[in-house]
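Data first, discussion second: the structure below is written as structure tokens.
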There are 2 protein chains.
Amino acid sequence: MKTVSENRAFGGVQGVYAHPSAATGTEMTFGLFLPAEAEEGAVPVLWFLSGLTCTHENAMVKAGAQRWAAEEGIALIFPDTSPRGEGVANDPAYDMGQGAGFYVNATQKPWAPQFRMWDYLTEDLPRLVFSAFPLAQAAQGITGHSMGGHGALTLAMGLPGRFRSLSAFAPICHPTSSDWGRKQFTGYLGEDESLWAPHDATLLMRKRGFDGPILIDQGTADPYLDLLMPEALAGAMAGRRQGGAFRMQKGYDHSYFFVSTFIEEHIAFHAAALHA
Amino acid sequence: MKTVSENRAFGGVQGVYAHPSAATGTEMTFGLFLPAEAEEGAVPVLWFLSGLTCTHENAMVKAGAQRWAAEEGIALIFPDTSPRGEGVANDPAYDMGQGAGFYVNATQKPWAPQFRMWDYLTEDLPRLVFSAFPLAQAAQGITGHSMGGHGALTLAMGLPGRFRSLSAFAPICHPTSSDWGRKQFTGYLGEDESLWAPHDATLLMRKRGFDGPILIDQGTADPYLDLLMPEALAGAMAGRRQGGAFRMQKGYDHSYFFVSTFIEEHIAFHAAALHA
């Protein structure tokens with residue numbers, strides 16, 4: 001692992017690190033904010049998964065999350081959204097290939113060898129960060145924005161017991177029924193739709209739900225509502241009697257201005273669960 | 001004036017607007033955050049001047065200022081740092097030409113016709129924003145980062161009575177004695193150094209000071225300390241018995257992580273003066 005940069009921020013350190021990943025076979029980059037409390041011992045950690053076109057950097061510089069993580073004494077991890085670089089498969093569309101990993105293990109050509117973001121996030125990167133940094137493996141929460149909200153929801157429900165708390169900003173809620181999902185799952189996972197189900201938050205909610213608190217925010221002025229399909233997940237949560245809140249925020253859109261407005265509440269929400 | 005974008009943020013609106021500028025003869029772009037209180041009437045306003053290479057966008061998306069402006073009920077203006085576009089003079093160096101206006105009215109070729117950022121910020125843009133938006137002209141504060149800290153200091157001291165409060169993050173403090181200054185003033189203002197003095201914060205502090213509170217933050221790990229020369233301005237402030245605080249923040253560098261860490265205190269500082 002190599003240090004790309006470290007900046008003091010809010011009494012802690014905002015670092016960026018790069019490492020060879022066994023899962024993707026590429027060099028991967030991630031951001032990690034450690035609060036001052038990390039100097040004394042292991043701290044809880046909140047994963048932030050980003051959306052289409054994002055790198056590790058977007059949420060790290062735009063979400064305004066460090067202020068609240070510092071206040072709560074929790075770390076933040078900002079992974080990348082796909083493998084990258086020359087020699088890595090890509091697609092001219094913004095919503096396929098590099099920057100659009102959709103948090104799955106691809107099984108189809110040309111993606112299969114490298115687009116293994118599920119394994120990267122659930123095995124490879126945790127192994128690295130929990131050995132290299134003072135992070136409490138037993139106190140993990142997860143959140144994300146848009147495609148990253150989809151990732152947060154599917155990882156949290158797909159790995160029972162791994163995460164104590166789950167939130168999302170404008171997540172892709174029902175990708176097996178959306179153009180943000182069907183195209184990518186066909187490309188990455190193939191035509192057999194039964195293999196898509198573990199990567200659809202609405203289907204996971206209907207089948208098993210999440211054993212912990214959930215907080216979801218969605219703007220009512222989001223231009224992508226038809227693709228995100230919040231009604232599917234909100235209905236599934238209510239239908240299952242899943243504990244949690246699905247909030248429609250009047251007038252907010254899909255931007256980081258929306259995320260930064262509500263990040264304070266999300267981090268407080270996670271901190272309450274992670275410090276419990 | 002045309003609306004480039006408007007996003008709901010923290011209960012208010014983060015807008016970006018473009019307008020033809022008489023001062024520069026070009027189209028200029030600026031960001032304006034209006035808190036919810038602006039729906040009811042005119043609100044105080046804090047100007048944020050940005051540093052080298054920045055557009056109107058950098059501080060708007062990275063500084064995390066809107067959260068605190070919303071809490072205090074004050075507006076934020078994020079101007080650009082120079083005229084831009086094809087047909088506008090430029091220089092291959094990052095610290096000259098477009099993105100590096102240094103907040104002066106250039107008198108030298110090729111800059112003179114368009115690089116008139118002093119007039120743009122003191123006449124042109126105020127005329128526009130105070131007529132088009134609910135902003136209280138009698139309640140203005142000013143801040144900035146790096147070259148923008150230089151701009152904030154020189155505008156505030158150069159226009160007595162205009163601004164009630166003044167702050168800066170890692171400002172260029174003594175440009176007539178620094179390579180961040182001498183090169184640009186020679187290029188924009190010519191060889192006669194007596195014409196540079198109105199654009200040097202340390203010289204202005206020695207000569208007249210500021211009739212209001214001042215707050216300056218500077219990181220001790222800033223890689224540009226030799227160019228910024230904080231010791232010159234801190235010495236001039238103390239020598240003059242200027243009311244204010246010049247704070248050296250241990251371990252912080254020149255990045256927006258530094259700015260975002262202390263922006264809460266700066267906005268509270270300005271709000272106290274602007275609501276008084």
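Each chain gets a letter, A, B and so on, in the order the sequences are listed, and its residues count up from 1.
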Could I get the full list of ring pair (Phe, Tyr, Trp, His ring centres under 6.0 Å) partners for Phe33(A), not counting sequence neighbours?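 Phe33(A): no ring pair (Phe, Tyr, Trp, His ring centres under 6.0 Å) contacts found.
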Under the rule for side-chain contact (heavy atoms from CB on, under 4.5 Å), what residues qualify as partners of Ala132(A), not counting sequence neighbours?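 Expected list: Met1(A).
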side-chain contact (heavy atoms from CB on, under 4.5 Å) with Pro20(A): which residues, sequence neighbours excluded?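 None.
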Show me, pair by pair, the donor and acceptor atoms from chain A and chain B that are under 3.5 Å apart.
unit_1	atom_1	unit_2	atom_2	d
Asn7(A)	ND2	Asp253(B)	OD2	2.5
Phe10(A)	N	Tyr252(B)	OH	3.4
Phe10(A)	N	Thr261(B)	OG1	2.8
Gly11(A)	N	Tyr252(B)	OH	2.6
Arg67(A)	NE	Glu264(B)	OE1	2.8
Arg67(A)	NH2	Glu264(B)	OE1	2.8
Arg67(A)	NH2	Glu264(B)	OE2	3.2
Tyr252(A)	OH	Phe10(B)	N	3.4
Tyr252(A)	OH	Gly11(B)	N	2.6
Asp253(A)	OD2	Asn7(B)	ND2	2.5
Thr261(A)	OG1	Phe10(B)	N	2.8
Glu264(A)	OE1	Arg67(B)	NE	2.9
Glu264(A)	OE1	Arg67(B)	NH2	2.8
Glu264(A)	OE2	Arg67(B)	NH2	3.3

